[in-house]
Amino acid sequence: MPSLAELYKSTETSPPATGPKIQPGKNIIFVSCGQSAQGCSGPANEMANAAKVVGWNYKIIDGANNVNNGWAAGLRQAIAAKPDAIVIHGMGCGDVKQPLLEAKAAGIPVVGLESVDCTDPKNDGGPSESLFTGVKFSDSATTTGAFFKEFGRLQAAYVIDATEGKAKIVRTTYDPLLGAYQKEGQDEVFAKCPGCKVVGEVNWSAADSNAGGPLVQKFRTLLVQHPDANAAIMNWDALATSSGLSKAIKDAGYANSMIGVAGEGYAAALQLIRENGGLTAEPAAIDAKWLGWAGVDTLNRVLHGEQPVPEGVGFRLVDKDHNMMPDGQDYQTPVDYRGVYKKSWGVAD
């Protein structure tokens, strides 16, 4: 299990230095998991900037946190526009399998960013044929499942170190497979801590997470039920910020006695850390803008008929005293991924 000193070191590496040259003029549609959630809007919005650099036409369709099956509806809207390629973000095969089959039938390639393909063994009914090309994050996390499992491991390792191996944890667990892998990573690490115990958890789906929705109400009840808890793990930043879970921790009077962790590293979450607002650290901060550029690199390879390669994306631990960004700024890696990508693609600003 890594020490805090080891956790402060990044798992990021350089993006691929070589690749096919960009074909300008492509029409790309990005189906976002929900533009009201930072973790969904960040990569979608940044991919617009990368698409502009490479001369692609780019559009975002808002999947609206899958309210009223917004993900499937968004994907079908994208298919109807007949683009050169589609990107889906933050979705699982089970959520959008039928429209993915429709995209395949229409001959439209789909790239999955932080999305779980139908080949994944955790899918209901087991694995089936691949229906999109997944972004490979790094050499050690070539699938979305592996990426989110590592995300969970880092969250758990931080909590154990911060509580000196005496963690009593309440946490949120996310229905789709991203959350299943995250939980698996946490449990794998907590199993090595005899003094640690998950005392309560709240399961949620995307539609529960809107401000004032069922998730925050259940989480407030969880805090009341477990006054002995000294750590809270929230899947990612939007839960701590827009869903209101960190405020629930503060309102309950636990901001000084409870370790609160999420992960992604968006500015609003970093501000909560600075002001002791119910969030202590981001053990798995990700440069969301890098994800947007990694998506373009993967798309470019797919459009050339090539396979994806590891993009170098990793995690960095951020707390009040380590790796903190200036006010109002999302976590940004020191890795010059933009420069490497542009040289690889043969483009200039």
Side-chain angles (χ1 to χ4, degrees), residues 8-24 26 28 30 32 38-56 58 60 85 87 89-90 111-115 133-144 146-148 150-151 154 236-237 263-267 270 282-304 306-318 322-326 328-349:
Y8 288 125
K9 298 175 183 177
S10 171
T11 64
E12 300 160 329
T13 60
S14 181
T18 59
K21 300 308 176 188
I22 285 288
Q23 299 171 334
K26 297 296 183 181
I28 307 298
F30 189 111
S32 166
Q38 296 162 316
C40 294
S41 62
N45 294 342
E46 183 60 25
M47 194 180 285
N49 296 324
K52 185 177 181 181
V53 167
V54 301
W56 289 350
Y58 178 83
I60 298 170
V87 181
H89 180 217
V111 165
L113 175 60
E114 295 188 306
S115 295
T133 300
V135 172
K136 291 188 173 182
F137 302 93
S138 65
D139 290 323
S140 61
T142 58
T143 67
T144 294
F147 188 68
F148 278 90
E150 182 62 19
F151 195 125
L154 292 170
W236 29 79
D237 282 0
E264 282 173 315
Y266 286 102
L270 300 186
E282 299 275 86
I286 312 163
D287 190 322
K289 291 182 170 61
W290 189 344
L291 289 176
W293 288 69
V296 168
D297 189 66
T298 302
L299 276 167
N300 183 46
R301 294 173 192 276
V302 167
L303 291 169
H304 279 85
E306 297 187 8
Q307 294 299 309
V309 300
E311 299 290 342
V313 177
F315 303 103
R316 193 181 297 265
L317 168 58
V318 178
H322 301 84
N323 303 319
M324 179 57 76
M325 298 290 109
Q329 183 175 304
D330 298 338
Y331 167 70
Q332 294 183 15
T333 177
V335 177
D336 179 24
Y337 58 87
R338 292 181 181 86
V340 175
Y341 282 133
K342 286 188 285 188
K343 184 174 180 181
S344 166
W345 299 336
V347 299
D349 287 322

A.B. asks: Scan side-chain atoms only and decide if N49 and W293 contain a donor-acceptor pair under the 3.5 Å cut-off.
C.D. replies: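 There is no such pair between these side chains.
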
A.B. asks: Could you check if a side-chain atom of L299 sits within less than 4.5 angstrom of a side-chain atom of I28, using non-hydrogen atoms only?
C.D. replies: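 Touching, per the 4.5 Å side-chain cut-off.
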
A.B. asks: Minimum heavy-atom separation for V318 and A285, please, with both atom names.
C.D. replies: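 Where V318 meets A285 most closely, the heavy atoms are CG2-CB, 3.8 Å.
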
A.B. asks: Tell me, do L303 and W56 make a side-chain contact under 4.5 Å, heavy atoms counted?
C.D. replies: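 The answer is yes; the side chains approach within 4.5 Å.
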
A.B. asks: Over 60° means perpendicular and under 30° means parallel, so tell me whether W236 and F151 are parallel, tilted or perpendicular.
C.D. replies: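 Rings of W236 and F151: perpendicular, as their planes differ by over 60°.
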
A.B. asks: Does a side-chain heavy-atom distance below 4.5 Å link F147 with T142?
C.D. replies: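 They are not in side-chain contact.
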
A.B. asks: Would you say E114 and T144 are linked by a side-chain donor-acceptor pair, where the criterion is simply a distance under 3.5 Å?
C.D. replies: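 Judged by distance alone, the side chains do not pair up.
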
A.B. asks: Do E12 and V313 touch side chain to side chain, with heavy atoms closer than 4.5 Å?
C.D. replies: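 When only atoms from C-beta onward are counted, V313 and E12 do not touch, as no gap falls below 4.5 Å.
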
A.B. asks: Would you say R338 and P15 make side-chain contact, with heavy atoms under 4.5 Å?
C.D. replies: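 Not in contact.
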
A.B. asks: Please tell me if the side chains of R316 and P334 come closer than 4.5 Å, counting only heavy atoms from C-beta onward.
C.D. replies: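 Yes, at least one pair of side-chain atoms sits under 4.5 Å.
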
A.B. asks: How far apart are the closest heavy atoms of G295 and V135, and which atoms are they?
C.D. replies: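 Answer, listing the atom of G295 first, then V135: CA-CG2, 4.3 Å.
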
A.B. asks: Could you list the residues that satisfy side-chain hydrogen bond (donor to acceptor under 3.5 Å, both in side chains) with D139, not counting sequence neighbours?
C.D. replies: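 Residues passing side-chain hydrogen bond (donor to acceptor under 3.5 Å, both in side chains) with D139: none at all.
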
A.B. asks: For S140, what residues pass the side-chain hydrogen bond (donor to acceptor under 3.5 Å, both in side chains) criterion, not counting sequence neighbours?
C.D. replies: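 Testing S140 for side-chain hydrogen bond (donor to acceptor under 3.5 Å, both in side chains), a comparison that skips the adjacent residues, returns S138.
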
A.B. asks: Evaluate the ring-ring contact (aromatic ring centres under 6.0 Å, His included) criterion for residues Y331 and F315: first the C-alpha distance (whole Å), next the side-chain angles of each, then the deciding distance (0.1 Å), finally the verdict.
C.D. replies: CA-CA 10 Å; Y331 167 70; F315 303 103; over 10 Å; no

A.B. asks: Mind checking side-chain contact (heavy atoms from CB on, under 4.5 Å) for S115 and listing every partner two or more places apart, or none if nothing turns up?
C.D. replies: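 side-chain contact (heavy atoms from CB on, under 4.5 Å) check on S115 returns I88, M91, F132.
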
A.B. asks: Would you say that H322 contacts L317 through its side chain, given a criterion of any heavy-atom pair below 4.5 Å between the two side chains?
C.D. replies: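 No, side chains not in contact.
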
A.B. asks: Would you say that K289 contacts T333 through its side chain, given a criterion of any heavy-atom pair below 4.5 Å between the two side chains?
C.D. replies: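 They are not in contact (no side-chain heavy atoms under 4.5 Å apart), so the answer is no.
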
A.B. asks: Which heavy-atom pair separates A267 from D330 by the least distance, and what is that distance?
C.D. replies: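 A267 and D330 have their closest heavy atoms at N-OD1, 2.7 Å.
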
A.B. asks: Considering all heavy atoms of both residues, which atom of S344 and which atom of K21 are nearest to each other, and what is their separation?
C.D. replies: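 S344 and K21 have their closest heavy atoms at O-NZ, 3.2 Å.
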
A.B. asks: Checking Y341 against W290: is there a side-chain donor and acceptor pair closer than 3.5 Å?
C.D. replies: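 The answer is yes; a qualifying pair exists.
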
